[in-house]
Amino acid sequence: MANHVSTGDLWWKNAVIYCVDVETFYDSNGDGIGDLIGLVQRIDYLAELGVTCLWLMPFYPTPGRDDGYDVQDLFGVDSRLGTHGDLVELIRAAKDRGIRVIADLVVNHTSDQHPWFKSARRSKDSPYRDFYVWRSDPPPDTSDKVVFPDKEDSIWQLDERTGEWYLHHFYRYQPDLNFANPAVRDQIAKSIGFWLQLGLDGFRVDAVPFLIEDVDTEADHVPGDPHDYLKELRAFLGRRRGDAMLLGEVNLPFEEQAAYFGGAGESARGDELTMMFDFVSMEATYLSLARQDAGPLAKALTSRPVIHRDCQWATFVRNHDELTLDKLSDEERQEVFAAFGPEPEMQIYGRGLKRRLPPMLDGDPRRIRMVYSLLFSLPGTPSIYYGEEIGMGEDLADEGRMSVRTPMQWEAIRNGGFSTAPPRKLFQRVVPGGYGPEHVNVASQKRDPDSLWHFMRTLIQTYRECPELGWGEFAVLDQPCPAVLAHRCHWEGASLVAVHNLSAEPLTTRVQLLPDDLVADSGEAIWLDDLFAHEAHDTDAKGGVELTLAGYGHVWLRVRRDSRPAA
């Protein structure tokens with residue numbers, strides 16, 4: 001049996017994370033913008049789905065030029081979305097239903113409308129001047145370092161009032177904070193402490209590598225490794241809330257990512273980020289899907305560094321940004337583009353896709369369900385983006401990453417039931433066409449037991465009954481079919497075997513169990529319990545099991561060493 005003391009203390013190891021953009025989820029007052037009270041009114045929906053951790057995209061005051069990531073006040077709530085009181089109501093309502101709440105921590109930069117920057121650019125003598133990074137000499141060509149190459153051609157912007165350039169890795173209206181300044185560090189710590197006091201359970205930390213790289217490690221007043229700052233943040237978080245976590249956006253190769261956990265292998269300290277998104281395996285998943293070959297994904301998963309037992313990988317197939325493919329080679333990226341986004345309007349920044357999963361898979365319900373079964377069976381903590389549970393599509397006519405940030409589709413009525421406002425007043429238009437709310441919505445899927453929503457709810461429930469997926473040791477199992485990924489997660493004597501057919505062709509394969517799954521203390525035979533079909537599979541004399549899978553078929557099998565229950 002699972003050690004529920006451990007799984008409770010380190011709750012992030014086997015959570016189900018659900019990301020919500022407050023302004024596109026549910027509008028409670030008819031002004032065309034989703035709000036915190038609307039989210040409170042839909043909290044039972046998330047509880048019914050089985051979500052255990054709600055991730056809020058930025059709700060802070062903002063000029064709104066980068067969908068809330070241009071923050072104007074680290075301590076505030078955008079008045080369009082509600083008040084601090086509304087946020088507390090949301091946190092209380094979520095916790096009443098066993099759902100923890102985390103929020104985006106956007107500390108690499110601020111908006112250029114933040115009072116700190118408005119003061120800093122008025123004068124070189126401003127007390128906030130050193131809150132940002134300035135240079136007096138003309139910068140070299142930095143076009144290769146910009147995050148948004150279609151919008152910016154340098155990470156330095158001339159500020160004409162003082163004649164100096166300020167640093168911005170993202171848009172020019174998002175000046176980078178100077179983490180070499182202890183006063184900046186203090187303000188960030190205060191903001192973390194503030195939101196923890198209001199009841200948040202942790203933070204998704206935006207753009208962590210840029211935060212670290214911006215620190216001037218050669219300055220006299222910044223001794224040591226810039227990773228020391230992450231250690232300081234983690235220690236501060238632990239002092240204020242022992243069970244709070246930091247989930248980092250660190251899109252780097254595995255060997256570089258390990259440093260953000262506080263090292264890997266026997267020297268792993270686990271004293272920096274608590275969790276990190278596994279971008280490498282996500283990108284390999286799409287390459288495997290495009291090729292109908294499990295090899296790239298298996299290679300990525302087995303290449304993960306060994307991390308501290310208290311840390312965790314967050315797995316995903318879609319998030320709120322572009323679907324980045326930057327870790328693939330140019331040839332591999334073109335394979336994925338050809339399979340899932342062949343038209344220029346489907347691609348973004350030359351490195352990613354601005355699409356959701358169902359349209360990429362041509363709406364094939366078998367393939368869509370296989371991908372989500374695969375996601376939840378991978379070692380780690382699954383993260384899903386709002387609307388994934390009903391198979392929402394994208395609005396390719398919308399600019400950039402906003403194509404996947406469309407209103408939630410609740411019913412087959414005007415505005416998809418998101419808002420009672422006239423459609424022209426909506427913050428974002430509802431997805432048009434075949435993935436619009438008349439075809440894809442919560443209400444109709446909840447009434448249909450064969451819908452994607454019901455499949456996802458069952459999947460989430462089954463995942464929550466399998467703690468070895470979040471805690472266990474991972475291994476790829478031998479079997480002869482290139483299109484099949486067979487893997488096993490083992491923890492405290494319990495093993496789960498998952499087998500996924502990435503091809504459209506039905507097949508039969510023989511999966512070889514590992515030796516320690518073939519030892520039965522009781523002398524009973526080893527058998528496998530199908531957790532979805534509720535069927536039993538026998539092992540052969542050599543500890544293998546023969547499985548027949550439909551096109552895009554998938555099974556989760558619990559290794560059993562006891563007598564079978566009576567029929």
Side-chain angles (χ1 to χ4, degrees), residues 3 5-7 9-15 105 107-108 179-180 185 188-189 192 202-205 207-218 222-284 298-315 327 378-381 467-476 487-492 514 516:
N3 182 341
V5 174
S6 297
T7 58
D9 287 347
L10 304 177
W11 59 269
W12 53 83
K13 295 275 285 188
N14 56 340
L105 183 68
V107 293
N108 170 258
F179 280 88
R185 300 185 184 202
I188 299 307
I192 289 173
F203 303 89
R204 177 262 185 185
V205 191
V208 179
F210 296 102
L211 179 157
I212 291 296
E213 290 172 4
D214 289 352
V215 176
D216 179 5
T217 55
E218 295 181 1
V222 187
D225 187 325
H227 280 274
D228 288 345
Y229 176 57
L230 268 186
K231 293 182 175 66
E232 290 175 19
L233 271 188
R234 176 71 182 276
F236 175 81
L237 189 79
R239 291 194 300 273
R240 290 293 177 95
R241 269 285 303 275
D243 63 346
M245 64 87 156
L246 292 174
L247 168 57
E249 180 193 27
V250 183
N251 183 11
L252 292 172
F254 280 140
E255 56 270 21
E256 295 178 50
Q257 265 190 297
Y260 292 82
F261 276 129
E266 293 183 3
S267 61
R269 298 177 303 277
D271 56 355
E272 294 188 31
L273 293 173
T274 320
M275 300 179 68
M276 272 190 274
F277 289 105
D278 184 354
F279 283 91
V280 174
S281 296
M282 179 276 291
E283 296 183 33
K299 180 180 178 182
L301 291 168
T302 53
S303 299
R304 280 180 176 178
V306 176
I307 58 176
H308 192 277
R309 66 177 297 277
D310 291 354
C311 295
Q312 181 63 299
W313 297 102
T315 56
K327 296 294 175 288
L378 295 179
T381 297
E468 58 266 53
L469 294 175
W471 284 79
E473 295 181 6
F474 167 82
V476 174
H487 70 273
R488 170 254 212 182
C489 294
H490 179 82
W491 183 61
E492 292 196 349
L514 294 179
D516 53 346

Donor-acceptor pair, [X] side chain versus [Y] backbone, under 3.5 Å?
{"X": "Trp491", "Y": "Pro467", "value": "no"}
{"X": "Lys327", "Y": "Asn251", "value": "yes"}
{"X": "Lys13", "Y": "Arg309", "value": "yes"}

Just grab all the ring-ring contact (aromatic ring centres under 6.0 Å, His included) pairs involving residues 237-258, residues at least two apart or on different chains.
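Sorted result for residues 237-258: Phe254-Trp313.
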
Of all heavy-atom pairs between [X] and [Y], which one has the smallest distance, and what is that distance?
{"X": "Met276", "Y": "Gln257", "result": "CE-O, 3.1 Å"}
{"X": "Thr302", "Y": "Phe474", "result": "CG2-CE2, 4.0 Å"}
{"X": "Ala314", "Y": "Leu247", "result": "CB-CD1, 3.9 Å"}
{"X": "Thr315", "Y": "Pro379", "result": "CG2-O, 3.8 Å"}
{"X": "Pro253", "Y": "Val280", "result": "CA-CG2, 4.4 Å"}
{"X": "Ala258", "Y": "Ala264", "result": "CB-CB, 3.7 Å"}

[atom1]/[X] to [atom2]/[Y] distance, rounded to the nearest 0.5 angstrom?
{"X": "Leu10", "Y": "Thr274", "atom1": "CG", "atom2": "OG1", "answer": "9.5 Å"}
{"X": "Met275", "Y": "Glu249", "atom1": "CE", "atom2": "CD", "answer": "14.0 Å"}
{"X": "Arg269", "Y": "His227", "atom1": "CZ", "atom2": "NE2", "answer": "9.5 Å"}
{"X": "Arg304", "Y": "Leu378", "atom1": "CZ", "atom2": "CG", "answer": "7.0 Å"}
{"X": "Leu230", "Y": "Leu273", "atom1": "CG", "atom2": "CG", "answer": "5.0 Å"}
{"X": "Lys231", "Y": "Asp271", "atom1": "NZ", "atom2": "CG", "answer": "5.0 Å"}

Quick check: Phe261 with His308 (ring centres under 6.0 Å apart)?
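That pair fails the under 6.0 Å test.
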
Does some side-chain heavy atom of [Y] sit less than 4.5 Å from a side-chain heavy atom of [X]?
{"X": "Thr381", "Y": "Trp12", "answer": "no"}
{"X": "Leu301", "Y": "His487", "answer": "no"}
{"X": "Pro209", "Y": "Leu252", "answer": "yes"}
{"X": "Ile192", "Y": "Arg240", "answer": "no"}
{"X": "Leu233", "Y": "Phe203", "answer": "no"}

Parallel, tilted or perpendicular: which one describes the rings of Phe179 and Tyr229, with boundaries at 30° and 60°?
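If you compare the ring of Phe179 with that of Tyr229, the planes turn out tilted.
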
Please name all residues satisfying ring-ring contact (aromatic ring centres under 6.0 Å, His included) with Phe277, sequence neighbours left out, ordered by chain then number.
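By the ring-ring contact (aromatic ring centres under 6.0 Å, His included) rule, Phe277 matches Trp55, Phe316.
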
Just wondering, more than 12 heavy atoms not from Glu256 lying within 6.0 Å of its CD?
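Enclosed: over 12 neighbouring heavy atoms sit under 6.0 Å from CD of Glu256.
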
Checking Val208 against Leu246 for the side-chain contact (heavy atoms from CB on, under 4.5 Å) test, could you report, in this order, the C-alpha distance in whole Å, the side-chain angles of both residues, the deciding distance, and whether it holds?
CA-CA 11 Å; Val208 179; Leu246 292 174; over 6 Å; no

Set out, in order, the CA-CA distance, both residues' side-chain angles and the distance that settles side-chain contact (heavy atoms from CB on, under 4.5 Å) for Trp471 and Glu492, then state yes or no.
CA-CA 9 Å; Trp471 284 79; Glu492 292 196 349; over 6 Å; no

